[in-house]
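Have a look at the structure below before the remarks.
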Amino acid sequence: MLDFAIFAVTFLLALVGAVLYLYPASRQASGIPGFTPTEEKDGNLPDIVNSGSLHEFLVNLHERYGPVASFWFGRRLVVSLGTADVLKQHFNPNKTSDPFETMLKSLLGYHSGGGSVSEDHMRRKLYGNAMTAALQSNFPLLVKLSEELLDKWLSYPETQHVPLSQHVLGFALKSVTRLALGSTFEEEQEVIHFQKIHGTVWSEIGKGFLDGSLDKNATRKKQYEDALMQLESILKKIIKERKGRNFGQHIFIDFLMQGNLNEQQILEDSMIFSLAGCIITAKLCTWAICFLTTSEEVQKKLYKEIDQVFGKGPITSEKTEQLRYCQQVLCETVRTARLTPVCARLQDIEGKVGPFVIPKETLVLYALGVVLQDPSTWPSPHKFDPDRFADESVMKVFSSLGFSGTWECPELRFAYTVATVLVSVLVRRLHLLAVEGQVFEMKYELVTSSREEAWITVSKRH
């Protein structure tokens, strides 16, 4: 049963397993309400499998046991927090580690971190600053790539169904590779090759290692190892070529090399950006367009703002700062899609949330997908309603969850900028329309995606 359970659960379950493997958790139950183990050896793994995903399991857990609840991963206790109020009690603003990044690096076998708190903080700051600088230096390129996708869609007859997920993933890959890795990826064939090996690595991270399936399949294991080696080889070659030289285009790697990092650290941070930046950007853009096709009123309001801000002039970085409603649309996209439904942190020392004591070395889940659909915080939570973010108090809650402002992850900040450009370019010229009968069913993984291809149609604005 254990082999089946671990194999069947989603990427998010791999995140839980990774942290528990790295940091042995307490066996103490602490009186926190929750599920008792279904099986002695497996804990609640069978329940997670039957729920379909860890997020859906957590929805049921918090409905039954309230905002602070527990369950068992194998023989280890896990505590889940399911409202904004209890997250505020637990959140530590002095934390500098990013659980997403920590998990990816551990699964990739990267261990160059682990310096002092100040060193880790400076490295995270350099990473974020490098991403911001790359965006600022290459903003016209983002507009150009967005316009290339626009031209492609303009060439289609209005009845043609557009494979949205496929096209946007290609666009995201081009954006990330060009901004992170430079002119190497100007050629379409280079992007296609990168997409293939990127997909192989991403599909195995957190799955093959933790469920043992990779070791049981020699062909799959070799494909993964070869793909990872190819990705690292590409990055190492670019780092070597650009070191100490001055190029006309300044990219993410260039800004990293301006810091006090060794080559291994530059490789690791470039790999994380290449993997995570692409997926988060692709899914945010895809869901934003999906939701726009379902709300004609929102699309009209967005078009009006875009027209008022840009007129017939070019899309510039400075003017995108004025797109307040577009920002609301993207924030509501993250909320409605539950874009990243779970985050995990280790309880460093014994802590307390409400009346409950959380033992040291317990894994604490932030059930963000549950929090983002909590009707006490978000009235009509299942409705796509960007107007809710016109309220500053709502934006403050959203920021406190790490989805905007000071605490947002750099990859999400990158995705917001890319999505703003893409949506502005598309909505300016096109009506985005739903395909009749199309249902966008969500697949809850580390980053939420559409379970099937998302099809749309487009028509020209006159």
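Numbers here are sequence positions counted from 1.
- The pair Glu445-Lys443 meets the salt-bridge criterion, since a charged nitrogen lies less than 4.0 angstrom from a carboxylate oxygen.
- For Glu263 and Lys240, the salt-bridge test fails: no basic side-chain N is under 4.0 Å from an acidic carboxylate O.
- One finds no salt bridge joining Lys236 and Glu268 here, because no Lys/Arg side-chain nitrogen approaches an Asp/Glu carboxylate oxygen to under 4.0 Å.
- Checking Leu169, Thr177, Thr200 one by one against Gln195, the side-chain contact (heavy atoms from CB on, under 4.5 Å) holds for a single residue, Leu169.
- Residue Val334 is tested with Ile280, Leu284, Leu368 for a side-chain contact (heavy atoms from CB on, under 4.5 Å); the sole match is Leu284.
- For the pair Leu275/Ile279, no side-chain contact is recorded, criterion being any heavy-atom separation below 4.5 Å from C-beta on.
- Using a 4.5 Å heavy-atom cutoff, the side chains of Ile358 and Glu350 are not in contact.
- Between Leu87 and Ser400, every side-chain heavy-atom pair lies at or beyond the 4.5 Å cut-off.
- The closest donor-acceptor contact from the side chain of Thr281 to the backbone of Cys278 lies at 3.5 Å or more, if one exists at all.
- For Glu411 and Tyr127, the side-chain atoms include at least one donor-acceptor pair closer than 3.5 Å.
- Phe252 and Ser270 get closest at one heavy-atom pair: CE2-CA, 4.0 Å.
- No cation-pi contact links Arg76 to Phe73, judged by a cut-off of 6.0 Å to the six-membered ring centre and 45° from its axis.
- Taking the centre of each ring, Phe273 and Phe414 come in below the 6.0 Å mark.
- Relative orientation of the Trp287 and Phe291 rings is parallel, given thresholds of 30° and 60° on the angle between their planes.
- With respect to the salt-bridge test (charged N to carboxylate O, under 4.0 angstrom), the residues Glu332 and Arg388 qualify.
- Val418 is not listed as a side-chain neighbour of Leu145, based on a closest heavy-atom distance of 4.5 Å or more.
- A donor-acceptor contact shorter than 3.5 Å links the side chain of Gln265 to the backbone of Asn262.
- Closest approach of Val423 and Ala288 over heavy atoms only: CG2-CB, 4.5 Å.
- Using a 30° and 60° split on the angle between ring planes, Phe398 and Phe389 fall in the perpendicular class, above 60°.
- Not one N or O on the side chain of Ser233 forms a donor-acceptor pair closer than 3.5 Å with the backbone of Met229.
- Looking at Thr340 and Thr448, their side chains never come closer than 4.5 Å, going by heavy atoms from C-beta outward.
- Between Lys144 and Glu148, at least one side-chain nitrogen of the basic residue sits less than 4.0 Å from a carboxylate oxygen of the acidic one, meeting the salt-bridge criterion.
- Checked by atom type and distance alone, the side chain of Glu453 pairs as donor or acceptor with a backbone atom of Ser165 at under 3.5 Å.
- Proximity of a side-chain donor or acceptor of Thr316 to a complementary backbone N or O of Lys319 within less than 3.5 Å is detected.
- What you find for Gly182 and Ile251 is that their closest heavy atoms are N-CD1, 3.5 Å.
- Checking side-chain atoms of Arg242 against main-chain N and O of Asp254 turns up no donor-acceptor pair under 3.5 Å.
- Annotation for Val364 and Gln347: closest pair CG2-OE1, 3.6 Å, computed over non-hydrogen atoms.
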Without placing hydrogens or testing angles, list every side-chain donor-acceptor pair under 3.5 Å for residues 427-435, not counting sequence neighbours.
from   : atom 1 : to     : atom 2 : distance (Å)
Arg428 : NH1    : Gly313 : O      : 3.3
Arg428 : NH2    : Gly311 : O      : 2.9
Arg428 : NH2    : Gly313 : O      : 2.3
His431 : ND1    : Arg461 : NH1    : 3.4

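- The closest side-chain heavy-atom distance from Arg178 to Asn138 is not below 4.5 Å.
- Looking only at distances, no side-chain donor or acceptor of Thr377 sits under 3.5 Å from a matching main-chain atom of Gln373.
- Nearest heavy atoms, Ser274 versus Phe194: CB-CZ, 4.1 Å.
- The side-chain heavy atoms of Thr333 and Leu339, taken from C-beta on, include no pair separated by under 4.5 Å.
- A donor-acceptor distance shorter than 3.5 angstrom exists from the side chain of Arg338 to the backbone of Thr336, with no hydrogens or angles considered.
- Here the closest non-hydrogen pair linking Ser317 and Thr320 is O-OG1, 2.6 Å.
- Between Asp269 and Arg123 there is a salt bridge, with a side-chain nitrogen of the basic residue lying less than 4.0 Å from a carboxylate oxygen of the acidic one.
- Counting only N and O atoms by type, the side chains of Glu56 and Ser53 include a donor and acceptor under 3.5 Å apart.
- Looking only at side-chain heavy atoms (C-beta outward), Phe255 and Thr132 stay at 4.5 Å or farther from each other.
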